[in-house]
**Q** 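For reference, the structure I am asking about is given below.
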Amino acid sequence: MFSRTLLTRTALTLVMLVIGGLGGALAAALGLPMPWMLGSLGMTALSVAFLQDTILADYTFPSDLRALFVALIGVMIGTQVQPQLFRDLSALPITGTALLIFVFLAHGGNTLIFRKLGGFDRATAFYSGTPGGLMESIALGEGAGADVRLLTLQQFLRIILVVTLIPTALSIYAGEPVGSSAGMAPGGTDPVGLVNLVLIVAAAITGLYVARFIHLPASQIIGPLLLSAAITLSGSVDLHLPFWLIAMAQSVVGVGLGMRFRGITLRLISRSIGLSLVSVLYMLGVGAGLSLVLWQITGLDFLQLLLSFAPGGVTEMSLIALSLSVNPALVSLHHVVRILMTVGALIVAARAFGLTKR
């Protein structure tokens, strides 16, 4: 019985990965932005809509598989760490202060949007409005009596809309495809030998489990990133990933996001997506304004700052940075700081407003 269940789950996982890969390939052929992640996400979500009550009824996408490919992305980001990053870190006290301002403005504005426009109760509006800390927001919101279905949907729509809107908007602004859709491929194009491939996977797994053991935030990506960065800066081993592996990792992340639509009805989505769009546009506007100010003060690249303030997930925003040939290390660091600030501010504010566990 156990072996049949495991075999069925493995077969369904392979089917979903093939579906996601086909979606990514189609998006790449059409020249869409972030094709391997967004194409995979879209095709998976569409499949879930039709199959969630049949063959996918009791299926969950394996979290360990997603974690492995996120770790590979962490290795890729670590290989981008150059001495220039340490010069950019001198601006971290300024950008960190701006991030704290962003967290309070974003959370406060979102709470009003969901409360006034959406008619959410206080707890659901408050926990739906956090600009990060997805799992923490869901866990704390459930304990405070929030509507968990609405809260979960709004949090996932935040990430999905951000990772969809930014590459699309940049392509429209430029008047042509940008990033990976324009042929700018993250990763190397030279063949990678078996030994190097084994070293890449070993660095991903080692970084992942060490980070989990010492409880690093965003451990799936940060542990491999730090290990890969140390190896890269030492000059001892070349860990640059081939493009096909990065595309595969993006596709797996897309499938994982697309699977989040299981159990969510079209009626619920139609109610939530408009509110989420208003919320995301508001946060992007705040982030863009702060990025303009910081660009003048620090001299950091505006696009790098914009991606650092965009309220998506660490993995997804790092992938967008890679796709746009923006060094993702500083972007990843800012997103980890944003999430830590968001969770800290969330706990303090929840206690202040009486929205803690019932």
**Q** Working to the nearest 0.5 Å, report the span between CZ of Phe69 and CD of Gln250.
**A** 12.0 Å
**Q** Evaluate whether atom CD of Glu142 has more than 12 neighbouring non-hydrogen atoms of other residues, nucleotides or ligands under 6.0 angstrom away.
**A** no
**Q** Kindly say whether Leu307 contributes a backbone atom to a donor-acceptor pair with the side chain of His335 at under 3.5 angstrom?
**A** yes
**Q** With a 4.5 Å heavy-atom cut-off, do Met283 and Val286 have their side chains touching?
**A** no
**Q** Nearest 0.5 Å please: distance from the CZ atom of Arg212 over to the OG atom of Ser219.
**A** 5.5 Å
**Q** Are the side chains of Val253 and Trp36 in contact, using a 4.5 Å heavy-atom criterion?
**A** no
**Q** Provide the full list of side chain to side chain donor-acceptor pair (under 3.5 Å) pairs with a residue in residues 106-120, sequence neighbours left out, each pair given once.
**A** Asn110-Ser279
**Q** Scan for side chain to side chain donor-acceptor pair (under 3.5 Å) pairs involving residues 289-311, sequence neighbours excluded, and state none if there are none.
**A** none
**Q** Suppose clustering is done on Ile, Leu, Val, Met, Phe, Trp and Tyr with side-chain heavy atoms closer than 4.5 Å. Which residues sit in the same group as Val348?
**A** none
**Q** Taking ILVMFWY side chains as joined if any heavy atoms are under 4.5 angstrom apart, and letting links pass through other members, which residues group with Val18?
**A** Leu22
**Q** Backbone N or O of Tyr127 within a donor-acceptor pair of the Gln155 side chain at under 3.5 Å?
**A** yes
**Q** Which residue pairs pass the salt bridge (Lys or Arg N to Asp or Glu O under 4.0 Å) test with at least one member in residues 61-81, sequence neighbours excluded?
**A** Arg66-Glu316
**Q** Test your reading of the model: is there a side-chain donor-acceptor pair from Thr79 to the backbone of Met76, 3.5 Å cut-off?
**A** yes
**Q** Is a side-chain donor or acceptor of Ser128 paired with a backbone partner of Ala125 at a separation under 3.5 angstrom?
**A** no
**Q** Just how far is it from atom CZ of Arg338 to atom CG of Leu333, taken to the nearest 0.5 Å?
**A** 12.0 Å
**Q** Please round to the nearest 0.5 Å and tell me the distance separating atom OG of Ser228 and atom CG of Leu233.
**A** 9.0 Å
**Q** With a 3.5 Å distance limit and no angle check, can you tell me whether Thr95 reaches the backbone of Leu92 through a side-chain donor-acceptor pair?
**A** yes
**Q** What residues form a side-chain contact (heavy atoms from CB on, under 4.5 Å) with Ala310, not counting sequence neighbours?
**A** Val162, Ile166, Leu284, Met317
**Q** Got a donor-acceptor contact below 3.5 angstrom from the Ser234 side chain to the Ile231 backbone?
**A** yes
**Q** Give, for atom CG of Leu99 and atom CG of Leu305, the distance between the pair rounded to the nearest 0.5 Å.
**A** 9.5 Å
**Q** If I take atom CG from residue Leu306 and atom CG from residue Leu294, how far apart are they, to the nearest 0.5 angstrom?
**A** 11.5 Å
**Q** Does some side-chain heavy atom of Pro224 sit less than 4.5 Å from a side-chain heavy atom of Leu72?
**A** no
**Q** Please tell me if the side chains of Val198 and Val195 come closer than 4.5 Å, counting only heavy atoms from C-beta onward.
**A** no
